[in-house]
Amino acid sequence: MNVKIIFLGPPGVGKGTQAKEAAAANGVPHISTGDILRAEVDARSDLGTQAKSYMDKGELVPDGLVVEMVAHRLAQPDCSHGYLLDGFPRTMAQAAALEAKLAERGETIDRVLYFSAPDEVLIRRLSGRRTCPNCKAGFHVETMPPKTEGVCDHCGAELIQRADDEPATIKNRLEVYTARTAELIDHYENAGNLTEIDSTGTVDAIADAASEALKT
Ligand code: AMP
């Protein structure tokens with residue numbers, strides 16, 4: 001299958017969890033710019049060092065850095081039969097850069113899924129989120145708790161809260177989303193390939209809706 005998918009939506013809506021599943025189900029790589037940037041930060045690379053100060057504050061990493069990073073990732077052989085982009089594009093400039101790159105090869109994005117939920121749901125999800133610093137597995141203190149509190153089910157490492165999931169940073173990330181990313185909803189709606197997925201329900205209910213939308 002050759003399918004290019006974008007998962008769009010505010011922080012905390014659960015699109016990362018859904019993206020992993022949907023990418024596997026469609027046999028394409030899951031490309032999360034947040035995950036790539038966090039790996040760069042952990043590796044203390046030049047890009048990671050530049051990105052960290054923006055990420056810790058909940059600001060967007062500058063378009064030029066992210067666009068170059070994504071172009072490099074999409075040029076890898078595993079992307080030759082499609083991919084699922086999670087957390088990219090996040091600005092109109094990033095969307096334009098992606099479209100220009102695709103147009104060079106006569107390609108387009110096939111489907112955009114827009115995961116939506118009200119702010120109070122997003123805040124609850126973000127503030128309860130816990131991550132494994134070792135294997136990167138994600139948990140939630142209420143909705144997806146680990147078997148032993150504070151311990152990763154998969155590798156036994158102690159779970160942490162991401163610096164950008166602290167309350168003040170959460171507020172900023174939601175404001176940045178409204179100011180910079182929300183306009184992409186209209187952009188892809190006008191392009192005619194956007195489906196909204198109500199993301200207030202359970203992980204399974206959202207997964208069912210997403211997989212249904214990707215069938216069409
Ligand atoms: P995420 O895991 O998708 O919530 O991303 C975590 C952080 O990485 C964001 O708050 C931004 O600082 C940065 N980031 C991820 N993707 C992008 C992007 N497409 N453009 C700019 N910054 C990004």
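Indexing begins at 1, ligand by ligand and atom by atom, following the structure's order. Heavy atoms only: backbone and side chains are in, while hydrogens, waters and symmetry mates are out. Residue indices begin at 1 and follow the sequence shown.
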### Task
Would you kindly specify which portion of Leu37 sits under 4.0 Å from ligand 1, judged on non-hydrogen atoms: side chain, backbone, both or neither?
side chain
#### Entry: Which segment of Arg173 sits under 4.0 Å of ligand 1 when only heavy atoms are counted
side chain
### Query
Under 3.5 Å, N or O to N or O, is Glu59 touching ligand 1 that way?
yes
### Task
Step by step, work out the ring pair (Phe, Tyr, Trp, His ring centres under 6.0 Å) result for Tyr188 and Tyr114.
CA-CA 9 Å; Tyr188 288 115; Tyr114 160 46; over 10 Å; no
### Message
Test your reading of the model: is there a side-chain donor-acceptor pair from His140 to the backbone of Arg130, 3.5 Å cut-off?
### Response
no
### Query
Within less than 4.0 angstrom of ligand 1, does Lys57 place any heavy atom?
no
### Query
Among protein heavy atoms, which lies nearest atom 20 (N) of ligand 1, and at what distance?
Gln94 NE2, 2.9 Å
### Query
What do you reckon, does Pro89 have a nitrogen or oxygen under 3.5 Å from a nitrogen or oxygen of ligand 1?
no
### Message
What protein heavy atom lies closest to atom 8 (O) of ligand 1? Include the residue and the distance to one decimal.
### Response
Met55 CE, 3.6 Å
### Task
May I ask you to check whether His187 and Glu99 show a side-chain donor-acceptor distance below 3.5 Å?
yes
### Message
Does either side chain, that of Asp198 or that of Thr200, offer a donor lying less than 3.5 Å from an acceptor on the other one?
### Response
yes
### Message
For Arg162, state whether at least one heavy atom is located under 4.0 Å from any atom of ligand 1.
### Response
yes
### Query
For ligand 1, which part of Leu60 has a heavy atom less than 4.0 Å away: the side chain, the backbone, both, or neither?
both
### Query
Any N/O of Val66 closer than 3.5 Å to an N/O of ligand 1?
no
### Task
Give yes if a backbone or side-chain nitrogen or oxygen of Arg90 is under 3.5 Å from a nitrogen or oxygen of ligand 1, and no if not.
yes
#### Entry: Part of Met69 within contact of ligand 1 (heavy atoms, under 4.0 Å)
neither
### Query
In Å, rounded to the nearest 0.5 Å, how long is the span from CG of Leu159 to CG of Asn134?
10.5 Å
### Query
Would Asp164 and Thr169 satisfy side-chain hydrogen bond (donor to acceptor under 3.5 Å, both in side chains), going step by step from the backbone distance to the final call?
CA-CA 5 Å; Asp164 60 352; Thr169 317; over 6 Å; no
### Message
Taking side-chain contact (heavy atoms from CB on, under 4.5 Å) as the definition, give me every residue that meets it alongside Lys4, ordered by chain and number, with sequence neighbours left out.
### Response
Asn2, Tyr83, Leu102, Glu107, Ile109, Asp110
